[in-house]
Undergrad: 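Quick one: this structure, given as structure tokens, is what I'll be asking you about.
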Amino acid sequence: MSGNSAAPSAKPKVEPSKPSETSFKRKRGMFQKDLQHMMYGYGDDANPLPESVSLMEDIVVEYVTDMVHKAEDVASKRGKLLIEDFLYLIRKDMPKLNRCTELLAMNEELKQARKAFEVDEEKLATID
């Protein structure tokens with residue numbers, strides 16, 4: 001190892017916004033139906049061009065992957081990835097933050113309703 005002793009021994013960091021080709025091949029086509037419906041809901045044609053859907057899918061997968069990598073960086077100090085890490089990343093984008101907190105509150109309400117419903121079913125089963 002002559003001449004490389006000053007160089008860091010850690011692996012070079014890969015840019016999170018440039019996923020590898022193999023990761024795209026694995027995920028391609030997974031969200032196309034959902035994206036077609038979303039694109040239609042936002043004013044596109046009922047049957048958008050496959051190229052448009054594919055491009056949107058690439059953008060979405062890249063965005064989500066990038067957000068997860070950033071959240072992992074934030075959570076690396078703690079060692080555990082939490083919902084709050086994602087909320088921290090979008091804290092300056094108020095529409096996204098408000099929508100996320102609304103969806104999280106709705107999810108909690110649904111959990112409580114399911115729990116109450118399961119308890120009621122168990123009580124009815126024991127009465128019979």
Side-chain angles (χ1 to χ4, degrees):
M1 283 191 146
S2 63
N4 287 342
S5 61
S9 62
K11 291 181 182 177
K13 201 169 191 180
V14 178
E15 291 183 39
S17 62
K18 305 263 185 195
S20 67
E21 285 296 318
T22 56
S23 66
F24 265 151
K25 288 179 185 175
R26 212 174 11 154
K27 292 173 180 66
R28 194 169 296 281
M30 205 168 148
F31 305 110
Q32 287 195 352
K33 272 291 182 204
D34 296 323
L35 284 171
Q36 284 177 344
H37 295 297
M38 288 173 71
M39 289 169 69
Y40 178 64
Y42 279 99
D44 203 341
D45 190 52
N47 293 312
L49 292 172
E51 294 86 8
S52 299
V53 177
S54 181
L55 177 65
M56 285 298 296
E57 184 179 28
D58 289 346
I59 292 169
V60 169
V61 168
E62 183 178 335
Y63 175 78
V64 171
T65 304
D66 189 42
M67 289 295 287
V68 170
H69 285 272
K70 287 179 182 177
E72 285 176 338
D73 289 343
V74 170
S76 66
K77 298 171 186 94
R78 187 175 47 259
K80 186 176 181 183
L81 188 62
L82 300 173
I83 293 171
E84 286 77 18
D85 299 322
F86 291 98
L87 295 176
Y88 175 78
L89 291 175
I90 60 170
R91 69 190 182 280
K92 294 180 182 176
D93 190 349
M94 290 311 288
K96 280 184 194 171
L97 183 63
N98 291 335
R99 181 65 175 152
C100 284
T101 53
E102 178 186 349
L103 289 172
L104 289 168
M106 221 182 302
N107 187 37
E108 192 59 37
E109 286 180 34
L110 287 171
K111 281 183 187 177
Q112 295 297 326
R114 282 190 203 110
K115 188 176 179 182
F117 185 71
E118 288 173 3
V119 171
D120 290 344
E121 274 187 351
E122 289 173 6
K123 285 180 183 178
L124 289 174
T126 57
I127 293 173
D128 292 339

Undergrad: The criterion is side-chain contact (heavy atoms from CB on, under 4.5 Å); which residues satisfy it with Tyr40, sequence neighbours excluded?
TA: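 Listed in chain order: Ala46.
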Undergrad: Hydrophobic clusters here meaning ILVMFWY residues chained together by side-chain heavy-atom distances under 4.5 Å, can you tell me if Met56 and Met30 are in one?
TA: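 Met56 clusters together with Met30.
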Undergrad: Please name the residue in the list Glu72, Met67, Arg78 that meets the side chain to side chain contact (heavy atoms under 4.5 Å, CB included) test with Asp85.
TA: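 So the option named by the test is Arg78.
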Undergrad: Considering only residues two or more places apart or on different chains, which pairs with a residue in residues 104-116 satisfy side chain to side chain donor-acceptor pair (under 3.5 Å)?
TA: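 Pairs touching residues 104-116 that pass the test: Glu108-Gln112.
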Undergrad: For a quick test of reading the model, state the closest non-hydrogen atom pair linking His37 to Lys33 and the distance between them.
TA: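 Smallest heavy-atom distance, with atoms named: CD2-O, 2.9 Å.
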Undergrad: Rounded at 0.5 Å granularity, tell me how far CG in Leu49 sits from CG in Leu55.
TA: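 Rounded to the nearest 0.5 Å, the CG-CG separation comes out at 11.0 Å.
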Undergrad: Report yes if the side chains of Phe86 and Leu81 come closer than 4.5 Å at any heavy-atom pair, otherwise no.
TA: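 Touching, per the 4.5 Å side-chain cut-off.
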Undergrad: Following the transitive rule for hydrophobic clusters with a side-chain heavy-atom cut-off under 4.5 Å over Ile, Leu, Val, Met, Phe, Trp and Tyr, establish whether Tyr88 and Ile83 coincide in one cluster.
TA: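 Yes, it is one cluster - the side chains of Tyr88 and Ile83 are joined through contacts under 4.5 Å.
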Undergrad: So which atom in Leu89 and which in Lys70 form the shortest heavy-atom distance, rounded to 0.1 Å?
TA: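 It is CD1-CB, 3.7 Å.
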Undergrad: If I compare all heavy atoms of Pro48 with all of Gln36, which pair ends up nearest, and what's the gap?
TA: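 Nearest heavy atoms, Pro48 then Gln36: CG-CG, 4.1 Å.
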Undergrad: Is there side-chain contact between Glu62 and Thr65, with heavy atoms separated by less than 4.5 Å?
TA: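 Side chain of Glu62 against side chain of Thr65, heavy atoms only: no contact under 4.5 Å found.
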Undergrad: Please check if the side chain of Ser54 supplies one atom and the backbone of Glu51 the other of a donor-acceptor pair under 3.5 Å.
TA: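 Answer holds: no.
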Undergrad: Please name the pair of heavy atoms, one in Met39 and one in Val53, separated by the smallest distance, quoted to 0.1 Å.
TA: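 Shortest heavy-atom contact: SD-CG2, 4.0 Å.
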Undergrad: Is there a path of hydrophobic side-chain contacts, each under 4.5 Å between heavy atoms of I, L, V, M, F, W or Y residues, that connects Met94 with Leu104?
TA: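 As far as the 4.5 Å side-chain criterion goes, Leu104 and Met94 are connected within one cluster.
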Undergrad: Counting neighbours of CG on Asp45 that are heavy atoms of other residues, nucleotides or ligands and sit closer than 6.0 Å, is the number greater than 12?
TA: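 Result for CG/Asp45: enclosed.
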Undergrad: Same cluster or not: Leu82 versus Val74, using hydrophobic residues (I, L, V, M, F, W, Y) connected whenever any side-chain heavy atoms lie under 4.5 Å apart?
TA: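 They do not share one cluster, since no chain of ILVMFWY contacts under 4.5 Å joins Leu82 to Val74.
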Undergrad: Distance check, rounded to the nearest 0.5 Å: Asp44 atom CG versus Ser52 atom OG?
TA: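 Rounded to the nearest 0.5 Å, the CG-OG separation comes out at 6.5 Å.
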Undergrad: Starting from Leu87, can I reach Tyr63 by hopping between I/L/V/M/F/W/Y residues whose side chains sit under 4.5 Å apart?
TA: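 Yes, it is one cluster - the side chains of Tyr63 and Leu87 are joined through contacts under 4.5 Å.
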